[in-house]
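Positions are given from 1 along the sequence. These numbers were taken from a predicted model, which means no experiment stands behind them.
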Amino acid sequence: MLHRYSIPALVLTATLLSACGSMGGRSSSMMAPAKMSNGAMVADNGMTLYTFDRDTAPGKSACNGPCAANWPALMVKGDAMAHGDWSVVTRDDGGKQWAYKGKPVYFWVKDQKPGDRTGDGFNKVWHIIQ
């Protein structure tokens, strides 16, 4: 025979356990925007990511205009937020760009397929993230 408080207590316990279980997963806003693959940082699409030596001001990209046409920024999507080694910088056009360890992150337009690293060392100022 169940005590009269048993059913509500069981429902409350189940609800709390369910809520705790869902907190353990990572929401899309907390997922890293890139990962290491074969010694280089790559975006979800498998394309290599780069940093620019001229990005010296904290939280600012120095690659705008024609530079940004050749070196597109890894843009923040949706409700993604800074976490761990990843931060968000605001570009001159108001867009939000990912930065890794404080350095804004870019693609190279001449990389044609995942795994390409043709921008590494370009003009001695562009580097893959290792």
Which pair of non-hydrogen atoms, one from [X] and one from [Y], has the smallest distance, and what is that distance?
X	Y	answer
Asp116	Lys113	OD1-NZ, 2.9 Å
Ala82	Ser87	CB-CA, 3.7 Å
Pro104	Gly102	CD-O, 3.7 Å
Thr48	Phe107	O-CD2, 3.9 Å
Met47	Pro114	SD-N, 3.3 Å

Enter the distance from Phe122:CZ to Asn70:CG here, rounded to the nearest 0.5 Å.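 Separation between the atoms: 7.0 Å.
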When rounded to the nearest 0.5 angstrom, what is the spacing between OH in Tyr106 and CH2 in Trp98?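 So the OH of Tyr106 and the CH2 of Trp98 are separated by 15.0 Å.
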Do Phe52 and Val88 belong to the same hydrophobic cluster, where Ile, Leu, Val, Met, Phe, Trp and Tyr are linked whenever their side-chain heavy atoms lie under 4.5 Å apart, directly or via other members?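 Shared cluster, no.
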With hydrophobic residues grouped by side-chain heavy-atom distances under 4.5 Å, do Leu74 and Val76 end up in a single group?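 Leu74 and Val76: one cluster.
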Which pairs with one or both residues in residues 90-110 pass salt bridge (charged side-chain N to carboxylate O under 4.0 Å, His left out), sequence neighbours excluded?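 Of all non-adjacent pairs touching residues 90-110, those that pass salt bridge (charged side-chain N to carboxylate O under 4.0 Å, His left out) are Lys60-Asp92.
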Filter on disulfide bond (SG atoms under 2.5 Å apart), then keep only pairs touching [range], sequence neighbours left out; what's left?
range	value
residues 95-130	none
residues 48-130	Cys63-Cys67
residues 70-130	none
residues 69-125	none

Is Arg117 paired with Asp120 through a side-chain N to carboxylate O contact shorter than 4.0 Å?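 So Asp120 does not pair with Arg117 through a salt bridge.
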Is a side-chain N or O of Gln97 found less than 3.5 angstrom from the main chain of Val105, in a donor-acceptor match?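 Yes.
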So, the side chain of Asp55 versus the backbone of Ser61: is there a donor-acceptor pair under 3.5 Å, distance only?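 Between the backbone of Ser61 and the side chain of Asp55 there is no qualifying donor-acceptor contact (under 3.5 Å).
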List the residues meeting side chain to side chain contact (heavy atoms under 4.5 Å, CB included) with Asp44, not counting sequence neighbours, and say none if there are none.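 So Asp44 forms no side chain to side chain contact (heavy atoms under 4.5 Å, CB included) with any residue.
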Any side-chain hydrogen bond (donor to acceptor under 3.5 Å, both in side chains) pairs touching residues 31-43, not counting sequence neighbours?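 Applying side-chain hydrogen bond (donor to acceptor under 3.5 Å, both in side chains) to every pair that reaches into residues 31-43, excluding sequence neighbours, yields nothing.
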Of all residues at least two apart in sequence or in a different chain, which pass the ring-ring contact (aromatic ring centres under 6.0 Å, His included) check with Tyr100?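 Only Trp86 meet the ring-ring contact (aromatic ring centres under 6.0 Å, His included) criterion with Tyr100.
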Please output the side-chain donor-acceptor pairs of residues 123-130 that fall under 3.5 Å, not counting sequence neighbours, one pair per line with the distance.
from, atom 1, to, atom 2, distance (Å)
His127, NE2, Asp53, OD1, 3.2
His127, NE2, Asp53, OD2, 2.9

With Asp111 via side chain to side chain donor-acceptor pair (under 3.5 Å) - residues at least two apart: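 With neighbours one apart ignored, the set is Tyr50, Thr118.
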